[in-house]
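Encoded as structure tokens, here's the structure I'll be asking about.
Note that this is a predicted model, so its numbers are computed, not measured.
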Amino acid sequence: MESMHTIRKISASMLEDKLRDTAVTIADTEAKKDIMSILVRARNAEMAKNAGAYAMSDQAMMDQVLTFLGAGHETTASGLAWTLWLLANDPATQQKLREEVTPVFENDSRPNYRALKDLQWLDSHGLYYNSMESLRVMPPVPMTFRQAGKTDHIEGVLVPKGTLLYIPIRVVNTWTEIWGQDAEEFKPGRWFNLPKTYHPSLSMLSFITGPHACIGKTMAIIEMKAVLAALIEKYEFSPAYDGQIPQPTAAVTMKPKDNMPLRIKHVRAHHNTSNVHRA
């Protein structure tokens, strides 16, 4: 509750700043692109177009910040847990990733956004490809639903208004007709040479697609890259015990039932002892 109160205070301060910003005419290319600025501009545009139209209240916009942080926290944490599990079972990719990030951290212990973003171009096992592949194989949200807003036809099939449509995210993400016979396997290199059947919007639905796609996609990916880079640079990850099998839960979000225990060893340690921790 204390944390929520603190976030609300910060959100209120942010909103005041953004409202002052929008009082100044500014070109779209120079407009700030943080979530609060976008919400304020959208509300102003809607009210300018139709004074009687529905518009978000100040409280609703502050609540959006809580939603953004809250919804993104669990899913990103789950995505990182599955990523570490996949890397623990693929030491070659893990080492290649470590070789990529180590020089960056040697140069700057707290690399900025640009430094991390540019890593995706170094090789096919880079942070970006690794994150996308883990999100493809083990999406934190494995399925979702949509409700038809009006009666229509989809591929000749009548869909009455109100029909609930099941979106099988993980099924699409690992569909062999798109990804090939090794679709269930963790292979970051596949993003370096995508199959001809791959569609940039429809072949991977971890963030959904279309107008209701995840608003936090870019933040989630850079957040995963930042945390993963810091961990991989310092630690080696391996399964906690021989024969370990992942235990995904069948819930709204796909969390590991056993909290994903992994064996962790400091890369630069001068001894061979290691400990088991929960991912």
Item to check | H212 side chain near R146 side chain, heavy-atom distance below 4.5 Å | outcome: yes

Next on the checklist: Using side-chain heavy atoms (C-beta onward) and a distance below 4.5 Å, is Y241 in contact with R263?
Outcome noted: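 The answer is no; the side chains never approach within 4.5 Å.
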
Next on the checklist: Please give me the minimum heavy-atom distance between T174 and A183, naming the atom from each residue.
Outcome noted: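 Closest approach of T174 to A183, heavy atoms only: O-CB, 3.3 Å.
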
Next on the checklist: Between S134 (side chain only) and S131 (backbone N and O only), is there a donor and an acceptor less than 3.5 Å apart?
Outcome noted: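 Judged by distance alone, yes, a pair lies under 3.5 Å.
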
Checklist entry - Could you go step by step and tell me if H199 and I178 meet the side chain to side chain contact (heavy atoms under 4.5 Å, CB included) rule? => result CA-CA 9 Å; H199 188 282; I178 297 173; over 6 Å; no

Checklist entry - With the 4.5 Å side-chain cut-off for hydrophobic clustering, are M14 and I38 part of the same group? => result no

Item to check | D90/K96 ion pair, N-O < 4.0 Å | outcome: no

Checklist outcome for this item: Scanning both residues in full, the closest heavy-atom pair of Q94 with L87 reads NE2-O, 3.0 Å

Next on the checklist: Quick check on the hydrophobic clustering: are I222 and L231 connected, directly or via other members, by side-chain heavy-atom contacts under 4.5 Å?
Outcome noted: yes

Next on the checklist: One pair to check against side chain to side chain contact (heavy atoms under 4.5 Å, CB included): T76 and M224. What are the steps and the verdict?
Outcome noted: CA-CA 7 Å; T76 303; M224 281 186 66; 3.6 Å; yes

Checklist entry - Taking atom CZ of R98 and atom NZ of K234, what is their separation to the nearest 0.5 Å? => result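 One gets 12.0 Å once the value is rounded to the nearest 0.5 Å.
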
Next on the checklist: Using every non-hydrogen atom in the two residues, find where P261 and Q244 come nearest and quote the distance to one decimal.
Outcome noted: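 For P261 and Q244, the tightest heavy-atom pair comes out as O-NE2, 2.9 Å.
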
Checklist entry - Same hydrophobic cluster for Y129 and L194, using side-chain heavy-atom links shorter than 4.5 Å among ILVMFWY? => result yes

Next on the checklist: Nearest 0.5 angstrom please: E223 CD to H73 NE2, how far?
Outcome noted: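 Going from CD on E223 over to NE2 on H73, the span is 8.5 Å.
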
Next on the checklist: Can you tell me if H5 has over 12 outside heavy atoms packed within less than 6.0 Å of its NE2?
Outcome noted: no

Next on the checklist: I'd like to know if the side chain of Q95 and the backbone of P91 have a donor-acceptor N/O pair within less than 3.5 Å.
Outcome noted: no

Checklist entry - Does any donor atom in the side chain of S206 or N173 lie under 3.5 Å from an acceptor atom in the other side chain? => result yes

Item to check | Side-chain ion pair, R190 and D182, N-O less than 4.0 Å | outcome: yes

Item to check | Distance-only donor-acceptor check, side chains T102 and E233, under 3.5 Å | outcome: no

Checklist entry - Which pair of heavy atoms, one from P256 and one from T249, lies closest together, and at what distance? => result C-CG2, 4.4 Å

Next on the checklist: Could you report the tightest heavy-atom contact between S201 and L205, atom names first, then the distance?
Outcome noted: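 The pair with the smallest heavy-atom distance is O-CD2, 3.8 Å.
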
Checklist entry - Are any of the side-chain nitrogens in E184 or R136 under 4.0 Å away from the carboxylate oxygens of its partner? => result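 No, E184 and R136 are not salt-bridged.
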
Checklist entry - Do D63 and Q59 get their side chains close enough for a donor-acceptor pair, meaning under 3.5 Å? => result yes

Item to check | From CA spacing to verdict: salt bridge (charged side-chain N to carboxylate O under 4.0 Å, His left out), E74, K255 | outcome: CA-CA 9 Å; E74 183 189 3; K255 299 184 290 292; 2.9 Å; yes

Checklist entry - Do W85 and F237 have their ring centres less than 6.0 Å from each other? => result no

Checklist entry - Can you find a heavy atom in the side chain of K257 that is under 4.5 Å from one in the side chain of P248? => result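 With C-beta onward as the side chain, the pair stays apart.
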
Item to check | Residues, nucleotides or ligands: over 12 heavy atoms within 6.0 Å of H153 NE2 | outcome: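 Enclosed.
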
Next on the checklist: Contact between I264 and E236 at the side-chain level, heavy atoms closer than 4.5 Å - yes or no?
Outcome noted: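 SC-SC contact between I264 and E236 ruled out.
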
Item to check | Joint cluster assignment, Y198 & L135, ILVMFWY side-chain distance < 4.5 Å | outcome: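 Yes; L135 is reachable from Y198 via cluster members.
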
Item to check | Straight-line distance of S13 OG to M62 CE, nearest 0.5 Å | outcome: 11.0 Å

Next on the checklist: If I compare all heavy atoms of A148 with all of V159, which pair ends up nearest, and what's the gap?
Outcome noted: CB-CG1, 4.0 Å

Next on the checklist: With a 3.5 Å distance limit and no angle check, can you tell me whether W179 reaches the backbone of T197 through a side-chain donor-acceptor pair?
Outcome noted: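 Not confirmed, W179 side chain does not pair with T197 backbone.
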
Next on the checklist: Is there a side-chain contact between M260 and W82 in this structure, where contact means two heavy atoms from C-beta onward sitting under 4.5 Å apart?
Outcome noted: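 Counting from C-beta outward, M260 and W82 do come under 4.5 Å.
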
Next on the checklist: If you apply the rule side chain to side chain contact (heavy atoms under 4.5 Å, CB included), what do you find for M61 with V40, and how did you get there?
Outcome noted: CA-CA 8 Å; M61 286 198 286; V40 169; 4.1 Å; yes

Item to check | Heavy-atom check, side chain of I169 versus side chain of P142, under 4.5 Å | outcome: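 The answer is no; the side chains never approach within 4.5 Å.
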
Checklist entry - For atom CG of D108, is the number of surrounding heavy atoms from other residues, nucleotides or ligands below 6.0 Å larger than 12? => result yes

Item to check | From OG (S37) to CG (L15), nearest 0.5 Å | outcome: 10.0 Å

Checklist entry - Given M143 and V171, is the side chain to side chain contact (heavy atoms under 4.5 Å, CB included) satisfied, shown in steps? => result CA-CA 9 Å; M143 49 85 174; V171 173; over 6 Å; no

Next on the checklist: Hydrophobic cluster membership, with links at side-chain heavy-atom distances under 4.5 Å among I/L/V/M/F/W/Y: are L165 and V141 in one?
Outcome noted: no

Item to check | Side-chain donor/acceptor of Q247 to backbone N/O of D258, under 3.5 Å | outcome: no

Next on the checklist: Check whether S109 reaches the backbone of F105 with its side chain - one donor and one acceptor, N or O, closer than 3.5 Å.
Outcome noted: no

Checklist entry - Less than 4.5 Å apart, any side-chain heavy atom of Y235 and any of H266? => result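 They are in contact (side-chain heavy atoms under 4.5 Å apart), so the answer is yes.
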
Checklist outcome for this item: So CD of E16 and CG of D58: to nearest 0.5 Å the spacing works out to 9.5 Å

Next on the checklist: Which label fits Y166 and F145: parallel for a plane angle under 30°, tilted from 30 to 60°, or perpendicular past 60°?
Outcome noted: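 Taking F145 first and then Y166, their aromatic rings sit tilted (interplane angle of 30° to 60°).
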
Item to check | Heavy-atom side-chain proximity of V101 to L228 below 4.5 angstrom | outcome: no

